[in-house]
Amino acid sequence: MNLESIPRRELPSLLSRMPKAELHIHIEGSLEPELIFEMAQRNGIKLDYASIEELRAAYAFTDLQSFLDIYYAGAGVLKTEEDFFDMAWSYLNRAKADNVLHAEIFFDPQTHTSRGVSFATVIGGLDRAVRRGREELGVSASLILCFLRHLSEEEAFATLEEALPYRDRFIGVGLDSGERGNPPEKFARVFARCRELGLHLVAHAGEEGPADYIRDALDILKAERIDHGVRCLEAPDLAARLARERVPLTVCPLSNVKLAVFHELCDHNLGRLLKAGIAATVNSDDPAYFGGYLNDNYAATFAALPELGAREAYHLARNSFEACFVSEETKKGWVTALDEFFAGACGDRG
Ligand code: ADE
Ligand code: ZN
């Protein structure tokens, strides 16, 4: 396959049409302002904003915490199983439009159980959407339960207990929310228990927090993938290890710019991560808040970074499939579909 034969002007169409997986999407971060207003109305909740435009105008973040404050407030409109279904169903339809074959979706149960919404309500709605997505859209999806790291270890254990009756409806656990001051070691025992239970393990690390948190997520939590992880290049030994051990990073370029991890997209280190041999992937994080879904992330990042071309597009999509928590056989099928897609794109050159 001569990927270099594909001209740059064809990249936007190639990026949008190529099959891909999304591995870092917070379902509460897919809640669009229109849906927030609709749910507030049907649930009799008064919002702090008079209109959709006013709410959108508040999406001007200076760092992770300034985003999280608005994001948790937005999630406050979710009350019923129908609300959780509608949110996830809306995301899965967007994913389908972006040629996403498989999504591993984060959800934050503590954001809801702390408001009196039961775990059963949350997982009931999300799981119903995931099943319907498989059947009606042909999009494969699974759920990953995230513990909020600003809360205590005890609260994480209590959430795990609540979740266990629904063990068959989620495939793993993650760690999100404010990173600074909440190191991986705070959740060492919860993650050890989840590991014993056979759950997959991932963790946000090296987004705002230091490279050391990435190392600790691997060594202490035994994380199989690192969410964000972009600060790994500050520690060359760690970057070399990530490359050697093929630890996937779920990178979210538009999020990184909105939360001031990088000043502008042209400063982003995605190209350098790939050059260092790291299994980076592209993801949307919280698409309703950061200006776009998965294809918007691919398009904007490739437009901003001249070092990214068709070869990198292929490797990013391939990395996304190889990093999925599915059988080797399923991965192989998706990689074959990707190879066929790119062979077709090269073949079209004649
Ligand atoms: N929760 C939702 N989005 C997040 C992010 N980018 N980092 C940490 N926690 C989050
Ligand atoms: Zn995230």
Side-chain angles (χ1 to χ4, degrees), residues 21-32 36 59-76 78 87-88 91 95 103-112 114 122 126 143-151 155-156 159 172-184 186-187 200-210 213-214 216-217 221 223-232 248-262 265 268 270 280-294 296-297 301 320 323:
E22 174 149 62
L23 304 175
H24 185 160
I25 156 80
H26 300 263
I27 201 63
E28 293 88 351
S30 74
L31 197 53
E32 293 286 347
I36 290 182
Y59 293 179
F61 315 115
T62 50
D63 58 9
L64 176 56
Q65 193 56 53
S66 67
F67 155 68
L68 290 171
D69 293 342
I70 285 204
Y71 160 83
Y72 293 132
L78 296 155
M87 172 172 64
Y91 165 71
E104 294 180 4
I105 302 173
F106 296 144
F107 68 110
D108 285 346
Q110 289 163 301
T111 300
H112 314 299
S114 66
V122 176
L126 299 179
L143 298 170
I144 295 181
L145 181 166
C146 282
F147 299 114
L148 299 180
R149 68 201 301 158
H150 68 273
L151 300 180
E155 287 164 298
T159 299
V173 298
L175 190 61
D176 64 2
S177 191
E179 190 180 3
R180 285 201 193 116
N182 295 301
K186 184 173 164 187
F187 297 94
H200 284 291
L201 309 174
V202 298
H204 282 54
E207 177 188 18
E208 270 196 350
Y213 281 16
I214 301 173
D216 291 347
L221 301 185
E224 298 163 76
R225 288 196 306 243
I226 298 293
D227 297 313
H228 295 293
V230 289
R231 290 191 60 189
C232 69
L249 297 190
T250 62
V251 177
C252 308
L254 288 177
S255 161
N256 289 156
V257 173
K258 292 282 182 191
L259 301 188
V261 175
F262 294 96
L265 214 40
H268 202 283
L270 181 63
T281 63
V282 170
N283 306 272
S284 69
D285 205 6
D286 300 285
Y289 291 90
F290 298 149
Y293 286 78
L294 188 51
D296 301 312
N297 272 269
T301 310
S320 79

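Remember, it's 1-based here, ligands and their atoms both numbered in the order they're listed.
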[X] and ligand 1 - part of the residue with a heavy-atom distance under 4.0 Å:
X      : result
Glu179 : neither
Leu68  : side chain
Glu28  : neither
Phe67  : side chain

Looking at [X] and [Y], would you say the former's side chain and the latter's main chain have a donor-acceptor pair under 3.5 Å?
X      : Y      : answer
Lys186 : Gly181 : no
Lys258 : Tyr289 : no
Glu208 : Glu179 : no
Thr281 : Leu249 : yes
Asn283 : Val251 : yes
His26  : Glu28  : no

Practice task
Check whether any N, O or S atom of His228, backbone or side chain, sits closer than 2.8 Å to the Zn ion (ligand 2).
Solution key: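 Looking at His228, which is the residue asked about, there is no N, O or S atom under 2.8 Å from the Zn ion (ligand 2).
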
Exercise for the section: Examine Cys252 and say whether one of its N/O/S atoms is closer to the Zn ion (ligand 2) than 2.8 Å. Expected result: no

N/O separation below 3.5 Å, [X] to ligand 1:
X      : value
Ser255 : no
Asp286 : yes
Asp108 : no

Completion exercise
Heavy atoms of Ser255 and Glu207 approach each other most closely as OG-OE2, 4.3 Å

Problem - Nearest-neighbour protein heavy atom for atom 1 (N) of ligand 1, which is reported as residue plus atom name and distance - result: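 The answer is His26 CE1, 3.5 Å.
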
Fill in the blank from the handout: Among non-hydrogen protein atoms, atom 6 (N) of ligand 1 lies closest to Asp285 OD2, 2.7 Å

Practice task
Return the orientation label for the Phe262 and His268 ring planes: parallel under 30°, perpendicular over 60°, tilted otherwise.
Solution key: tilted

Handout entry: Whether Phe67 and Phe290 hold their rings parallel, tilted or perpendicular, with breakpoints at 30° and 60°
Key =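 Plane angle between 30° and 60°, so tilted.
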
Handout entry: Proximal ligand 1 atoms for Glu207, defined as those under 4.0 Å from one of its heavy atoms
Key =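 In order of number, 5 (C), 6 (N), 7 (N), 8 (C).
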
Exercise for the section: Give the atoms of ligand 1, by number and element, whose distance to some non-hydrogen atom of His228 is under 4.0 Å. Expected result: 6 (N)

Problem - Step-by-step ring pair (Phe, Tyr, Trp, His ring centres under 6.0 Å) determination, Phe106 to His204 - result: CA-CA 11 Å; Phe106 296 144; His204 282 54; 5.7 Å; yes

Exercise for the section: Name whichever N, O or S atom of Asp285 ends up nearest to the Zn ion (ligand 2). Expected result: OD1

Handout entry: Whether Ser177 lies under 4.0 Å from ligand 1, heavy atom
Key =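 Heavy atoms of Ser177 do come under 4.0 Å of ligand 1.
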
